[in-house]
Structures are given as structure tokens and as C-alpha cells.
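Worksheet for the structure shown next.
As the structure lists them, so they are numbered: ligands from 1, and atoms in each ligand from 1.
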Amino acid sequence: MRLPEPYRIKVVEPIRLLPREEREKRLEAAGLNVFALKAEDVFIDLLTDSGTNAMSDNQWSGIMIGDESYAGSRSFYHLEAAVKEVFEYNYVVPTHQGRGAENTLFSILIKPGQYVMGNMHFDTTEAHIRLKKGIPINLVVDDAFDTSKYHPFKGNVDLGKLERFIAEKKPENIAFMLITITCNSAGGQPVSMENIREVSRICRKNNIPVYIDAARFAENAYFIKAREKDYADKTIAEIVKEMFSYADGFTMSAKKDALVNIGGMIGIKDDESLYNRAREVNITYEGFPTYGGLAGRDLEAVARGLKEVLDVDYLRARIGQVEYLGKLLSDAGIPIQTPVGGHAVFVDAGKFLPHIEAEEFPGEALAVELYLESGVRAVEVGTCMMGRDAEGKNIIAPMELLRLTIPRRVYTDNHMGYVAKSLIDIYGKRETVRGLKFTYEPPILRHFLARFERV
Ligand code: P71
């Protein structure tokens, strides 16, 4: 039996389910794009787990004693102490969110034309690499792209691909390696300790620095404990320290595993001159080094969240809930990325709607249908999100996915049951679902502002 969540609910926020005719009207007005809906017209919001967390009483009390001093805020020193304790890193540079950290760190590390290797970079990461004239390279294992195949660590770097890439391109043309844990783009899939260790060994042998995209570091540690030989008896805190011992630094969107609503940071293990550069660059974009675009209260909440998230009972309940939703769906025959990831169930919309071709966006079509059916908002991760190549052709995604992203500590299993039932009902009449075409297509990041009609 799954143990229930190790917390109880002290504050609630009402949500409402609009009648179907109303949902139809609102979605029409939104140009059939769920990003354009008002949040209050959504019943259960599974758009993202980013910044949608419920904070604890401990974090909320930290909010009240945040130190709002411009320079030298006490809350900054609390954050610094938390980073030393959790990651055993000496230095931290706060930023307003993850992409702020990417912008600052990448401006220092990337020389134009250099490659940035990774398992699978997240969208904003890839965008920041390109903005610094770097070339993003994804070296994830091929099994990541086969949704029906079980692999305990689908976020792993393919070590053969890594060694061949370094040999071919030469270390001096590679800025650094970035391991994203868990690997969001592959479906919230974890990276094993063995893989992190080996990637680090190969990169160090070639003098290539190793960084971690730490957005979901604790969820990754939980998977290592649950699935990797020799780690079952280690604490999450011990596993986190070992993971980060293999890297030189990290970027982090605190909006995920720091259990807050806004925030980010750069962590640096021991390179003092890199720390000084990062502080300097950060000032222009994010702010003075002891606040980095955040209020003192935000720093305080992040400091507390970083420690709270190491609770194995919390992680078991959290990932257990994602697995619960995944099981309800797969028991009903719905194709999903297997095994489920740490923060979301990824429905294989390509297989769910085989009659809709990639360029008619099966993931978007399913998101539209799910909102109409149930008021649930999910997000496409597929060809619509990919955009177009230099010749103007659609870049066909390796998988057409619909991401059901579960905010931390926000919804109950009953909410999950409702989401599953709604999708199962759609599955029963899946051949009636129609593909989409643009009535308006923005030139970049089109999925956010696009408008559609049915084919
Ligand atoms: C997610 C997000 C948030 C998001 C971003 C862009 C479009 C839609 C939703 C953000 C991540 C992430 C990883 C691994 C860096 C960022 C950027 N994820 N790395 O999954 O997942 O962090 O949003 O704090 O700037 O919904 P940031």
C-alpha cells in the first residue's frame, strides 16, 4: 500500500469546473490554444510543475522574516548556508529563475561556435546556448525515444555517443557538459549515479567542465535510491551530495524542487574566479549578488525549500502520485512514456491519435479535447513546440507527447482519478478527435501565442 502524504492541508484555494458550453466558448475565444485560457477557467491545471508548488508552513513563516536589505541580506546568507549543506558547494549566485542562471553562466562559459553537450537540453537552455552563439548537442540514450520500452534511467547520457563526439569535435571546441536531472525533455526521466560518475570521468579526462541543470535534483535522487543498486540504504541527502560531487557547478530553476513559486540560482563548487565573474555578470541582468532578482522573502523560502525537499517520505508520496496517475492510464490501455517520470505523465499522443499526422499536432489536439471534456489543462510537447527549421519546414518532434504535469503538494489522488477518467473517456471515442491547423502562427516560440482551427 502507498503511504499517504506526510503532511496535512491547512489552507485551501477554491477551483471550479465551468459547464461544457462555457468551456467551449472560452476555448474558441482562446483560438483553441490552452495557453490563452484564463487560469480561473481551468479546473485542474497540469500545464506545468514550475512555480506552481504549495509552500509549507515553515516556508510561509520564512516569508514573514525575509530580510529585504538591498545588500548583505540575512536571507541570502541563509540560502548560502543551505547550498553549502545540501550540495556541499561554496558559492551561490541567486537569479530570478532558471533562465536567468542560464543567461549569466552561459555568457561566461561559451565562446562563439563552441558545442554544449547534454543528455537533452531543456528549451530555455537550448535558446540561451544559441543566444551565446553556442551549439546545443543532445546525447541521451536512444531508449528515451521508445515510449513503450522500460528503462530505469531514460535520462542517461549515451557514453559511446559522448566519447565519439569528443573525439570527433575535440575538447577545445566544447564549452562544457550539462546534465539535466531529471531530464524534462525525455519525460522527466532520471539519470543514474553511475552515469553521472562516468560522464564526469570522461569529461574530466578531456578537461571539459561538467555542470548540472538541477531543477528536479531531489526527484532524480529519489529514483536513484529506488532503482539503482547500492543506493537503497543511502539517504536522499547523501545521494544529492554524491551527484553534485561529480560536477563543477549547477544552474537551477528553484521553481521546481526548491518548492517555491519563483527563484533560481547558480551554484559553484569551489572556483572562486568563476564565482566572481558570475557575480559581476549577474549584476546587469539580475541584480546585486545578494539578491539576484529576488525579494529577501523569496531567498528565505528557497533556502528552506532546498532542505525540505530531501524528505524521502515527501518524495515517495510525490513520485507515487505521478505513478498512480500513470498506472490508471496504462491499465486502461492508454500509451504513455514508460516508466513515468518524476514530475509528469507524458501521454504518447502520436499513438493515442494515430489518424492525426505530426503536422496536424496530435498533442495540441488532445490538449484541446481534454479541456473540453473535463476542464483539465495539459501541455503539448511535440511538433508544435518544436517550431520550424531554417527552410521554414516544421521540425518533426521525436515524439508527440501530451504532458500532464503535476504541481507539488497541490492536488490529491481524487484529482488524479478525475484526470484519468477524462482521458479514458476520450480514448473511447478517439477517432472523433480532429487535428489542428494554424490561423495565426508566431515566428518564434509559436506554441505560446498560436491560434488554431480544426482541420
Ligand atoms: C516546465 C518549465 C517551465 C517552462 C519553461 C518554458 C516553457 C514552458 C514551461 C523550465 C526549466 C526546466 C529545466 C530542466 C530550466 C528551466 C527553466 N521548465 N531547466 O517544465 O524544466 O527554468 O522556467 O525557472 O526559467 O514547465 P525557469
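- From the protein, the heavy atom lying nearest to atom 9 (C) of ligand 1 is Phe122 CZ, 4.5 Å.
- Of the heavy atoms in Phe448, only side-chain atoms (C-beta onward) come closer than 4.0 Å to ligand 1.
- Here the heavy atom of the protein found nearest to atom 24 (O) of ligand 1 is Ser253 OG, 2.7 Å.
- Interface atoms of ligand 1 facing Thr48, defined by a heavy-atom separation under 4.0 Å, are 1 (C), 26 (O).
- Remark: ligand 1 atoms within the under-4.0 Å shell around heavy atoms of Thr180 are 14 (C).
- The ligand atoms of ligand 1 that sit less than 4.0 angstrom from a heavy atom of Gly98 are 22 (O), 24 (O), 25 (O), 27 (P).
- Looking only at heavy atoms of the protein, atom 10 (C) of ligand 1 is closest to Lys256 NZ, 2.8 Å.
- In plain terms, the two heavy atoms of Val86 and Lys241 that are nearest each other are O-CG, 3.5 Å.
- Within 6.0 Å of the CZ atom in Arg297, the count of heavy atoms belonging to other residues, nucleotides or ligands does not exceed 12.
- Distances from ligand 1 to the non-hydrogen atoms of Thr124 include at least one value under 4.0 Å.
- Ranking the protein heavy atoms by distance from atom 25 (O) of ligand 1 puts Arg99 NE, 2.7 Å first.
- Closest approach of Met252 and Ala101 over heavy atoms only: N-CB, 4.4 Å.
- Taking the six-membered ring where the residue is Trp, Phe87 and Tyr89 present tilted rings, their angle falling between 30° and 60°.
- Comparing heavy-atom distances from atom 1 (C) of ligand 1 across His96, Arg403, His343, Lys255 singles out Arg403 as nearest.
- Looking from atom 15 (C) of ligand 1 to the surrounding protein, the closest heavy atom is Glu102 OE2, 3.4 Å.
- Below 30°, between 30° and 60°, or above 60°: for Phe106 and Phe176 the angle between ring planes is between 30° and 60°, a tilted geometry.
- Listed here is the closest heavy atom pair of Lys234 and Lys225: O-NZ, 2.8 Å.
- Residue Tyr440 places its OH atom among more than 12 non-hydrogen atoms of other residues, nucleotides or ligands, all under 6.0 Å distant.
- Here atom 20 (O) of ligand 1 lies nearest to Asn184 when heavy atoms of Thr182, Asn184, Asp123 are compared.
- Neither the backbone nor the side chain of Leu47 has a heavy atom within less than 4.0 Å of ligand 1.
- Distance check: Thr104 OG1 to Met265 CE gives 13.5 Å after rounding to the nearest 0.5 Å.
- The nearest heavy-atom contact from the protein to atom 14 (C) of ligand 1 is Asp213 OD2, 3.4 Å.
- In this structure, Tyr91 and Tyr275 have parallel ring planes: the angle between them is below the 30° cut-off, well short of the 60° mark.
- Contact detail for Ser148 and Lys351: the closest heavy-atom pair is CB-NZ, 3.9 Å.
- Of the protein's non-hydrogen atoms, the one nearest atom 27 (P) of ligand 1 is Gln97 NE2, 3.2 Å.
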